[in-house]
Amino acid sequence: MSPRKPNMESSIYFGADGWWHGRVTMGVKSDGGPDRRHRRAKTEAEIKRKVRELERQRDQGRAPAAGRKPTVAQWMETYLTDIASLKLKPRSLDDYWSKTRNDIVPGVGKHRIDKLQPEHLERMYRALLDAGHAPSHVVKVHRILSRALKIAHRRRIVGENVATLVDPPSVDETEANPFTQEEAKTFLEAAARRPTFMRWIVGVGMGFRQGETLGLRWPYVDLEAELFRPEWQLQRLTWRHGCDDPRACGARLHRFEPCPPDCTTHRNYKRGCPKPCPKTCAKHASACPERREGGLVFTRPKTKKSRNAVPIPPVFVPFLRDHKALQEEMRAAAGELWQEHRVVFSRPDGRPLDPRADYEEFKELLAEAGIDDRRLYDGSRHTAGTILNELGVDMPTIMEILRHTQISQTRRYVKGRSHLSKDAMRRMGEFFVPAPPVPDPGPTETRTETLDSRAARAQRRRRIR
């Protein structure tokens, strides 16, 4: 009888090196050759367990692909460059790259992707929290890494997505702090003294996002039909190298040593001194002579729902006509210096308003109006949703105005008011326990008698007699 084992049957043997070895036939490689996997262990029981695990993965069709597995850092670069870039919006992709460079790669980047364990992720999350990062930041890091590992699992690079075995930190949802009706009017009164008054009318009165407001263009404003069509938004994107050697291109800007404690170079930086460059730094694309895809850029909104037309309140239309006429005067005054972008809200030379300057102006207006500090989102989008609700507008209509895809998202934008809650509970109490009836006071004595009173008629009768 032939000692040859049947096809697909595994073999286990004790080697001259003192280890038990197991070889499992998994199928064929991409080049057509047999795909034989090797495992080794100190005991026969351990090698049998490893062989059975490989056979189970093979039979279930979820065995990892053959070949040496990449590290987490290598796979994240592949994922972001070749996979995520085809689907994500530019701003989201920049955020993915930022969290990968600053958090994922320093935390678990050197681990081989198939050797990554839940404990590695938990230690990384704990280190991020200890470094002062908010739980919401850690949750975003977890989602990015989990998505990348999900693609790796789908392509059979790893046998399991270990991120699904880890619970990220709990996030307390940031409570909205919208303007009250009185605060909204006070804020707009302060804005009325500035040339950007209409920008704040649209932001506070219609609930537009900052990028949508600054990205509004006249071809998408129909004053006759009283409609805004937010087809574009203005965003600041990270510059990308257009040259062949990004590392050499930014050589004069590389800094591999941390700044001294008494650094004066970056004393005006709001976030302090920048971190040292990694040894393989390929950043500083803003200084590249062939830079591309960065700066202030008009991009499409994230969802199709965000591009739905929004009715303009009729009382806003005369203000918009006056604003357009004023902009024509600015164009004539600028002459050749005018840069045509056809934006509704522009600088004196026609360029779109800078989102950073717009944010600073919002903070200045809060101080001028005597309103407590809050987020720009609270003073625009949350305020519009809350005031619409206070005016009695139903939730589906508010969802259409704010252009949300789910009504649950709209409910997070609408904050209840204590005086409305108090009035509602007063009516609820009166429904269950009606107020006691008011007692009838009975007839009341009057000090002055009319000519038609009973006494007056009797007096007239006596005189006649």
Side-chain angles (χ1 to χ4, degrees), residues 172-194 196-216 226-228 230 233-234 301-302 305-306 308-317 319-320 323 344-345 353 355-424:
D172 293 331
E173 187 173 343
T174 304
E175 185 177 358
N177 187 23
F179 292 150
T180 63
Q181 296 185 25
E182 293 73 18
E183 287 175 338
K185 291 179 180 178
T186 305
F187 179 87
L188 292 178
E189 288 173 0
R193 298 188 287 269
R194 295 178 179 247
T196 54
F197 172 59
M198 282 309 303
R199 177 263 176 273
W200 298 110
I201 281 282
V202 172
V204 178
M206 299 183 64
F208 273 46
R209 302 174 179 91
Q210 183 192 41
E212 294 171 343
T213 307
L214 303 185
L216 274 176
E226 300 178 351
L227 289 175
F228 272 144
Q233 60 182 349
L234 185 70
K302 195 170 185 178
K305 185 86 170 180
S306 298
N308 286 358
V310 181
I312 304 174
V315 295
F316 289 3
V317 175
F319 292 100
L320 284 168
H323 176 77
V344 176
F345 309 111
L353 296 177
R356 295 172 181 170
D358 181 75
Y359 177 81
E360 294 296 335
E361 185 177 37
F362 173 74
K363 296 296 183 179
E364 293 172 5
L365 289 172
L366 288 178
E368 291 178 14
I371 300 174
D372 295 337
D373 187 37
R374 64 197 66 196
R375 302 175 304 170
L376 177 56
Y377 231 55
D378 289 334
S380 56
R381 207 152 169 78
H382 285 288
T383 294
T386 301
I387 293 181
L388 283 170
N389 184 55
E390 292 176 353
L391 295 176
V393 181
D394 59 273
M395 202 63 65
T397 304
I398 298 177
M399 183 181 75
E400 289 300 317
I401 293 173
L402 298 182
R403 290 159 289 122
H404 289 150
T405 55
Q406 296 179 347
I407 200 166
S408 59
Q409 187 179 10
T410 307
R411 290 194 178 99
R412 292 199 298 269
Y413 276 68
V414 175
K415 181 178 180 181
R417 298 293 191 190
S418 58
H419 68 277
L420 296 179
S421 302
K422 186 175 181 179
D423 180 66

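Looking only at side-chain heavy atoms (C-beta outward), V202 and F228 come within less than 4.5 Å of each other. No side-chain heavy atom of F362 sits less than 4.5 Å from a side-chain heavy atom of R199. Looking at E400 and K305, their side chains come closer than 4.5 Å, going by heavy atoms from C-beta outward. Using a 4.5 Å cut-off on side-chain heavy atoms (C-beta onward), W200 and F345 make no contact. In this structure, Q210 and S380 have side chains that are not in contact, with every pair of non-hydrogen atoms separated by 4.5 Å or more. Here the side chains of F319 and I201 are not in contact, with every heavy-atom distance at 4.5 Å or above.
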Between H323 and V344, does the side-chain contact (heavy atoms from CB on, under 4.5 Å) criterion hold? Intermediate values first, please.
CA-CA 9 Å; H323 176 77; V344 176; 4.2 Å; yes
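A pairwise comparison of heavy atoms in E226 and P314 identifies OE1-CG, 3.7 Å as the closest pair. L227 and A309 get closest at one heavy-atom pair: CD2-CB, 4.4 Å. A184 and T383 get closest at one heavy-atom pair: CB-CG2, 4.4 Å. When all heavy atoms of I407 and P396 are compared, the pair lying nearest together is CD1-N, 4.0 Å. For the pair D378 and A176, the tightest heavy-atom approach, listed with the atom from each and the gap, is OD1-CA, 3.8 Å. Residues R193 and E189 approach most closely at NH1-O, 3.6 Å, considering heavy atoms.
For the atom pair Q233 CD and T213 OG1, the distance stands at 10.5 Å (nearest 0.5 Å). In this structure, CZ on F208 lies 10.5 Å from CD1 on I401, to the nearest 0.5 angstrom. Rounding to the nearest 0.5 angstrom, the gap separating the CG atom in L402 from the OG1 atom in T405 is 12.0 Å. With rounding to the nearest 0.5 angstrom, the CZ atom of R209 is 12.5 Å from the CG atom of L376. Between the CG atom in L234 and the CD atom in E212 there is a gap of 11.5 Å [rounded to 0.5 Å]. The CZ atom of F316 sits 7.0 Å away from atom CE of M198, with the distance rounded to the nearest 0.5 Å.
Every side-chain hydrogen bond (donor to acceptor under 3.5 Å, both in side chains) that H404 has, sequence neighbours left out, goes to T410. Legend: residues meeting side-chain hydrogen bond (donor to acceptor under 3.5 Å, both in side chains) with S306, ordered by chain and number and at least two apart, are T303. Applying the salt bridge (charged side-chain N to carboxylate O under 4.0 Å, His left out) rule to E360 yields the partners K270; only residues at least two apart in sequence or on another chain are considered. Remark: K363 engages D373 in a salt bridge (charged side-chain N to carboxylate O under 4.0 Å, His left out) (not counting sequence neighbours). Every residue was checked against the side-chain hydrogen bond (donor to acceptor under 3.5 Å, both in side chains) condition with R374, not counting sequence neighbours, and none meets it.
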Between side-chain atoms of residues 365-372 and protein atoms elsewhere (two or more places apart, or another chain), which donor-acceptor pairs fall under 3.5 Å?
from, atom 1, to, atom 2, distance (Å)
E368, OE2, R194, NH2, 2.5

